[in-house]
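The structure appears below as structure tokens.
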Amino acid sequence: LTRPARISRMAESLLSSVLGGKVTVATGHLSLSGTLLLSDVKVMTPEDAANGGESLPLFSAEQIEARFDWVSLLLGELRSTQLTAIRPTLYLVDDRDAGRWNYELMQKKNAETKPAISGGTGKVTALPVIVLREARVQWGEVSGGRLRDKANAVVDGQFTPAEGIATTYHFELAQRSEEASGGSASAS
């Protein structure tokens, strides 16, 4: 029931349904505090024919702590109430050749599929709150088949499920400066 390989596969399934794309989790362990500790988490965009059939990196995290529903773990359909990503990296790449951003591949894929359904009940799975701590955002650009880094920032933030809209998040981000102070942004 609590084998790291089983927990890792269940966490991959959970994160794929929440975030879309292909998710890999190197290891998953139950902590003494009753949360799941997931390490070396990577989210890739769906394969893209315009990009030679390759997936593009979108998100990585050294560690994600997941608060979860114990009953869902026992049933093999892991559901989380909160995900906290510690020192994650979000890769935002403007593909000038294709005329789109890498995250738009996720929107296209999610529009083609139905929302995550829980256990055949027909009920849409509730999205967890996502907390980012010391997140690095890296902007890049692909032009002529070459990837170039453009800018980066460090932010803290929170994504909260929109009330009444099962597949939408509201988010609040605060940029950190070198002195750990800075501006903030909020949007839906």
Side-chain angles (χ1 to χ4, degrees), residues 11-25 28 31 33-46 56-69 72 78-95 100-111 113-116 118 123-141 149-188:
E12 288 174 354
S13 178
L14 165 71
L15 294 172
S16 290
S17 71
V18 170
L19 304 172
K22 180 182 178 188
V23 177
T24 58
V25 176
S31 73
S33 65
T35 60
L36 290 178
L37 297 178
L38 310 173
S39 64
D40 195 17
V41 178
K42 292 182 176 60
V43 179
M44 304 292 286
T45 63
L56 300 172
L58 186 63
F59 176 87
S60 65
E62 292 175 22
Q63 186 176 52
I64 293 179
E65 181 179 294
R67 292 185 188 166
F68 65 96
D69 173 8
S72 71
L78 186 62
R79 288 189 307 268
S80 178
T81 57
Q82 180 174 316
L83 302 170
T84 301
I86 301 163
R87 289 181 296 287
T89 302
L90 176 62
Y91 305 96
L92 300 176
V93 179
D94 182 10
D95 187 339
R100 67 170 174 252
W101 288 84
N102 61 338
Y103 65 83
E104 290 178 304
L105 293 170
M106 303 292 278
Q107 293 171 328
K108 178 181 174 187
K109 180 68 175 173
N110 288 339
T113 61
K114 296 178 181 174
S118 174
K123 182 179 178 186
V124 176
T125 302
L127 295 174
V129 171
I130 299 175
V131 178
L132 302 176
R133 293 200 181 128
E134 297 181 53
R136 177 165 302 281
V137 181
Q138 290 186 290
W139 287 272
E141 177 181 273
D149 290 334
K150 299 300 269 183
N152 64 62
V154 177
V155 300
D156 289 325
Q158 182 166 313
F159 291 75
T160 307
E163 197 170 314
I165 308 172
T167 58
T168 303
Y169 276 106
H170 294 285
F171 64 90
E172 189 171 321
L173 299 173
Q175 183 174 349
R176 291 176 165 227
S177 68
E178 290 182 29
E179 295 83 30
S181 64
S184 65
S186 178
S188 300

- request: Sequence neighbours left out, what passes side-chain hydrogen bond (donor to acceptor under 3.5 Å, both in side chains) with Arg136? Give chain and number order.
  value: Asn152

- prompt: Which residues pass the salt bridge (charged side-chain N to carboxylate O under 4.0 Å, His left out) test with Lys22, sequence neighbours left out?
  reply: none

statement: Note: Pro128 and Ser80 closest approach over all heavy atoms is CB-O, 3.3 Å

- line: Between Arg133 and Pro88 the two heavy atoms that sit nearest each other are O-CD, 3.4 Å

- prompt: Can you name the side-chain hydrogen bond (donor to acceptor under 3.5 Å, both in side chains) partners of Ser39, sequence neighbours left out?
  reply: Thr27

- line: CG of Asp40 to OG1 of Thr24, rounded to nearest 0.5 Å, is 6.5 Å

- request: Evaluate the criterion side-chain contact (heavy atoms from CB on, under 4.5 Å) for residue pair Leu90 and Val155; output intermediate values, then yes/no.
  value: CA-CA 10 Å; Leu90 176 62; Val155 300; over 6 Å; no

- request: Provide the closest heavy-atom pair for Leu38 versus Gly28 in the form atom of the first, atom of the second, distance.
  value: CD2-CA, 3.9 Å

- prompt: To the nearest 0.5 Å, what is the distance between CG (Asp94) and CD (Glu104)?
  reply: 8.5 Å

message: Would you compute the distance between atom OG1 of Thr160 and atom CZ of Phe171 and round it to the nearest 0.5 angstrom?
response: 11.0 Å

task: Go through the steps to decide whether Ile86 and Glu62 satisfy the test side-chain contact (heavy atoms from CB on, under 4.5 Å), and finish with yes or no.
output: CA-CA 7 Å; Ile86 301 163; Glu62 292 175 22; over 6 Å; no

query: In chain order, what residues pass the ring pair (Phe, Tyr, Trp, His ring centres under 6.0 Å) check against Phe59, with sequence neighbours excluded?
result: none

Partners meeting side-chain hydrogen bond (donor to acceptor under 3.5 Å, both in side chains) with Glu141 (sequence neighbours left out): Arg96

- prompt: If you round to the nearest 0.5 Å, how far is CD of Gln82 from CD of Gln158?
  reply: 7.0 Å

query: What are the two closest heavy atoms between Leu173 and Gly157, and how far apart are they?
result: CD2-CA, 3.7 Å

message: If we check side chain to side chain contact (heavy atoms under 4.5 Å, CB included) with Leu83, which of these qualifies: Val131, Val129, Leu15?
response: Leu15

message: Using 0.5 Å steps for rounding, measure from the CH2 atom of Trp101 to the CG atom of Leu92.
response: 6.5 Å

query: Taking atom CG of Leu37 and atom OG1 of Thr84, what is their separation to the nearest 0.5 Å?
result: 10.5 Å

query: Between the main-chain N or O of Gly140 and the side-chain N or O of Asp149, is there a donor-acceptor pair closer than 3.5 Å?
result: no

- request: Mind checking salt bridge (charged side-chain N to carboxylate O under 4.0 Å, His left out) for Glu65 and listing every partner two or more places apart, or none if nothing turns up?
  value: none

- prompt: Quick check: does any side chain N or O of Asn102 sit under 3.5 Å from a backbone N or O of Asp95, one acting as donor and the other as acceptor?
  reply: no

